[in-house]
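Take a look at the structure below.
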Protein chains: 2
Amino acid sequence: MAEPMYWRIAQDLRHEIEGGTLRPGQQLPTELELREKYGASRNTIRDAMKWLASRAMVDSRPGQGTFVAEHRDTFVTTLSADIQTGRGGGEGLAADAEISARGHRAAVDPPRVELQRAADRIAERLRVAAGSLIISRHQARYIDGAPWSLQTSFYPMDLVTRGAQGLLLAEDIAQGTVTYLHETLGLIQVGYRDTILVRPPDQNEAGFLGLPDDGRIPVAVIIRTGYADSPDGPDPFRVTVSVFPADRNQFVMNSGAVPGDLAGPAKRPNAMTNCPGRMRH
Amino acid sequence: MAEPMYWRIAQDLRHEIEGGTLRPGQQLPTELELREKYGASRNTIRDAMKWLASRAMVDSRPGQGTFVAEHRDTFVTTLSADIQTGRGGGEGLAADAEISARGHRAAVDPPRVELQRAADRIAERLRVAAGSLIISRHQARYIDGAPWSLQTSFYPMDLVTRGAQGLLLAEDIAQGTVTYLHETLGLIQVGYRDTILVRPPDQNEAGFLGLPDDGRIPVAVIIRTGYADSPDGPDPFRVTVSVFPADRNQFVMNSGAVPGDLAGPAKRPNAMTNCPGRMRH
DNA sequence: GCAAATTTGTTCGTATGTATT
DNA sequence: CAATACATACGAACAAATTTG
């Protein structure tokens, strides 16, 4: 009796799910039925359900029942740019191209454009003074009609002053902003730095991406800082923050010579794949 | 009264935590005290606590109390290799170098070496037949004495046959396996591909990394496939799977010309940073 | 459209077990 | 050993969402 009852019930159900007795999308027995099956109170059954729900293995719907979670197709985004194909980046044109190359349909809402004062974290990356004016362009992206990511790009106001008024227009920039800035100002992106982190979604993100509001599905955040050439070395001219649901997105980056094919999704291996025994630490 | 009571209590405590009234490490009022403060039953208080705990905002310890979660230092790992400094990769020598450069102390357990039959997911990446012999080298890595990551590299048996017997030794390869294979076989890594994904930890990972066993802290997994030159194009010769706690690790990738400094951690921005209003979808 | 039945969600009360101080 | 504090478990009632008749 070392393990609590709710835990043993949860394990039993987990094995049924993982073993395929309960298939994705299938309804679990109701709480009342499980109560009789395991001879436990409804609250204990519910504790077992919560154990499974916190791991996103089941999904409860009031008035209907509890269902085995459906496996979601994981989508792979290539972060490293490939000059030849123009693929890569998870943003703008590059994202659309990769989604199409994988046989899906990309869509994007018209941007919401705002003039803002730079928060510290953005100012630091753009190397402008905190509180100085920046432009933010916010867009929602979809794959096959389903919400996929939220994306916001920040540009220093300086770029508009120098002639890139299009940044202030609430219209999609068809050729991509990097290309637009090249055409308008002759600005060339000579490099970029991606920072990747994982955190729980905020309310807005959870709402748009259709994630449960209990934070059990994290989001992956890609912060891309683009650099232009300058006498003092690479000079940041844009920051793009992209937010993806972490349970159905993977990211790939290539360095040097790699096969030319689009990378497929990994099957969530652990660090002990193939391990026959158990590790001791 | 739209929202349930446990939710409102959780929000109230959340604001106290985020506002700094309750500081990291500080003990929350006991369940009994909160029961009186909010005029709710103990079960309702506990539901509020679970809401916070599932978001890793608080930590309950039997016999002691419930405490505001401590902020962990986030560590940044550079995934793109920098030939000049040798930095980058989150694995082997490169990881040690970056950890030192950031002013911390890296340590690693002696590897556990095993001869295995390749599972499909590894065989596919190594382009060997499923079930063929491969070598796995498993290591636990530490920063400043604290568990940091689990790492397993897989090599085709072919490399040993060709003379790289050191792969089978349960000893750390001081110069790094890529360098070792270069010295021994003249094999040159011409490129690599990193795949990044996020998932809940398995029991072994949670145990070693000190993560709660309820899966609320995900792990980030980096799968690096290294390629050597061959007449048929890049040919995979190793796969390294690294597992990091996602709540205290960030990853950086550089492309093209970027500033030369080590990238600092991002402060978890959302896609609406600076957003004064709210988005409507 | 409405009412009933079903199912999960919330809240209360209570009792007992386990870990820590 | 005793006190404190969280963990587990039971039972009960009502609310809210959904489906069915």
Side-chain angles (χ1 to χ4, degrees), chain A residues 1-14 17 22 25-70 206-207 210-216, chain B residues 1-14 17 22 25-70 206 210 212-216:
Chain A
M1 282 287 252
E3 311 297 351
M5 192 188 308
Y6 81 91
W7 189 86
R8 294 201 313 271
I9 296 171
Q11 298 312 304
D12 195 51
L13 291 168
R14 176 165 75 95
I17 292 170
L22 291 166
Q26 188 180 343
Q27 181 173 4
L28 271 70
T30 67
E31 292 174 352
L32 221 65
E33 288 167 335
L34 290 171
R35 210 200 66 186
E36 294 182 5
K37 173 173 177 183
Y38 291 103
S41 75
R42 190 179 155 225
N43 279 332
T44 300
I45 297 296
R46 284 180 60 74
D47 280 346
M49 297 298 214
K50 281 176 196 163
W51 192 95
L52 296 166
S54 78
R55 287 160 180 75
M57 302 181 69
V58 301
D59 207 7
S60 288
R61 304 202 272 272
Q64 297 187 51
T66 303
F67 300 81
V68 180
E70 306 261 10
L211 304 176
D213 70 346
D214 61 0
R216 67 177 183 258
Chain B
M1 281 289 250
E3 312 296 352
M5 193 190 307
Y6 80 90
W7 189 86
R8 296 201 311 274
I9 295 171
Q11 300 311 306
D12 194 53
L13 291 168
R14 177 165 75 96
I17 291 170
L22 292 166
Q26 187 180 343
Q27 181 174 4
L28 271 71
T30 67
E31 292 175 348
L32 219 66
E33 289 167 335
L34 290 171
R35 211 199 61 178
E36 294 181 6
K37 172 173 177 183
Y38 290 103
S41 78
R42 192 178 153 231
N43 280 332
T44 300
I45 298 296
R46 283 180 60 74
D47 281 345
M49 297 299 213
K50 281 176 195 164
W51 192 95
L52 296 167
S54 79
R55 287 161 180 74
M57 301 180 69
V58 302
D59 208 7
S60 288
R61 303 201 274 271
Q64 297 185 49
T66 302
F67 301 80
V68 180
E70 306 262 10
D213 70 345
D214 61 0
R216 67 178 183 258

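None of these values were measured; they are calculated from a predicted model. Below, chain A is the first sequence line, B the second, and so on; all start at residue 1.
Following rounding to the nearest Å, D47(A) (CG) and dT8(C) (P) show an atom-to-atom distance of 15 Å. As a whole-Å value, the separation of W7(A) CH2 from dT18(C) P is 17 Å. Distance CG (L52(A)) to C1' (dT8(C)): 15 Å, rounded to an integer number of Å. L34(A) places its CG atom 12 Å from the C1' atom of dT7(C), with the value rounded to the nearest Å. The CE-P distance, from M49(B) to dT8(D), rounds to 15 Å in whole Å. Between the CG atom of L32(A) and the P atom of dG9(C) there is a distance of 14 Å, given to the nearest Å. Nucleotide dG17(C) holds its P atom 18 Å from the CD atom of E3(A), rounded to whole Å. Atom C1' of nucleotide dA5(D) and atom CG of D59(B) are separated by 15 Å, given to the nearest angstrom.
Distances from the side chain of E31(A) to the nucleotides dT8(C), dC6(D), dA9(D) place dT8(C) closest. Counting only heavy atoms from C-beta on, R46(B) has its side chain closest to dC6(D) among dC6(D), dT7(C), dT10(C).
With sequence neighbours left out, the side chain to side chain donor-acceptor pair (under 3.5 Å) criterion links Q64(A) to no other residue. Checked against side chain to side chain donor-acceptor pair (under 3.5 Å), R55(A) has no partners two or more places apart in sequence or in another chain. For the side-chain contact (heavy atoms from CB on, under 4.5 Å) test, residues two or more places apart in sequence or in another chain that qualify with E33(B) are P29(B), T30(B). Partners of Y38(B) under the side chain to side chain donor-acceptor pair (under 3.5 Å) rule, at least two apart in sequence or in another chain, are D12(B).
Within the 4.0 Å cut-off from OP1 or OP2 of dC6(D), at least one side-chain nitrogen or oxygen of T66(B) is found.
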**OP:** Going 5' to 3' through nucleotides 10-21 of chain D, assign each nucleotide B (protein heavy atom under 4.0 Å from a base atom), S (under 4.0 Å only from sugar-phosphate atoms) or - (no protein heavy atom that close).
**Re:** BBBB---BB---
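The stretch residues 43-52 of chain A participates, sequence neighbours left out, in these side-chain hydrogen bond (donor to acceptor under 3.5 Å, both in side chains) pairs: E31(A)-R46(A), S41(A)-T44(A).
A side-chain N or O of R14(B) and one of Q11(B) form a donor-acceptor pair less than 3.5 Å apart.
Of all heavy-atom pairs between S60(A) and T66(A), the closest is OG-OG1, 3.0 Å.
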